[in-house]
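This report concerns only the one structure given below.
Order of listing sets the numbers, starting from 1, for every ligand and every atom in it. For this chain, numbers begin at 1 and follow the sequence in order. Predicted model, so just to flag it, every value in this text is computed and none were measured.
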Amino acid sequence: MEQTYIMIKPDGVARGLVGEIIKRFEQRGYQLAALELMNPTKQLLEEHYQDLKGKGFFAGLIEYMASGPVVGMVWVGKDVVKVGRKMLGETNPLASAAGTIRGDFCIEVGRNICHGSDSVESAQREIAMWFPRGVKVASRNTSLHALI
Ligand code: RTP
């Protein structure tokens with residue numbers, strides 16, 4: 001089953017949007033497979049955003065991402081990479097449709113609340129980077145039956 005890496009950035013955590021973002025993914029039908037609140041090192045962030053090295057905003061992006069705790073998550077389900085990006089909205093919140101996370105909660109590209117992997121390959125790379133001990137996906141049916 002497809003997996004994606006979703007990260008709530010420092011502004012999303014500081015603004016108390018963790019529950020809201022988790023709720024949206026759960027309601028859509030996706031399964032949470034891993035979650036960690038952490039203070040990432042600049043080294044890890046530079047590796048995560050390695051494709052953007054050389055952009056004028058790179059140093060500011062790393063400063064902002066290292067400015068407070070982030071919540072990293074792995075979500076699992078059908079087409080979760082593509083649908084997850086749709087749920088986040090466009091990189092620039094002003095171009096994001098209402099109903100998306102960025103379209104509903106922010107206005108600044110440099111404070112856009114959340115990250116989502118942009119391809120299945122990126123997701124695999126990012127999940128390995130942020131959850132180096134691996135991710136186990138629980139069987140959904142088993143856990144539901146256990147509640148009955
Ligand atoms: P992300 O990686 O955070 O999910 O964002 P993305 O794919 O939508 O956009 P990307 O091009 O990878 O940019 C990464 C993050 O850099 C910040 N950014 N600032 N000042 C600017 O023009 C600018 N452009 C991008 C945003 O926080 C963006 O999410």
>> Go through it in stages, so that I can follow the logic: the residues are I113 and I21, the test is side-chain contact (heavy atoms from CB on, under 4.5 Å), and I'd like the CA-CA distance, side-chain angles, deciding distance and then a yes or no.
In response: CA-CA 10 Å; I113 297 182; I21 292 168; 3.7 Å; yes
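In this structure, the side chain of R15 engages the main chain of F105 through a donor-acceptor pair within 3.5 Å. E26 places no side-chain N or O within donor-acceptor distance of the main-chain N or O of Q31, the cut-off being under 3.5 Å.
Contacts of ligand 1 (protein heavy-atom distance under 4.0 Å) are K9, Y49, L52, F57, L61, R85, T91, R102, V109, N112, H115, G116.
Under the ring-ring contact (aromatic ring centres under 6.0 Å, His included) criterion, F25 pairs with W75, sequence neighbours left out.
For residues 86-112, the side-chain hydrogen bond (donor to acceptor under 3.5 Å, both in side chains) pairs, not counting sequence neighbours, are K9-N112, R24-D104.
Other members of the cluster containing L94 are I107, with ILVMFWY side chains joined at under 4.5 Å, either directly or via other members.
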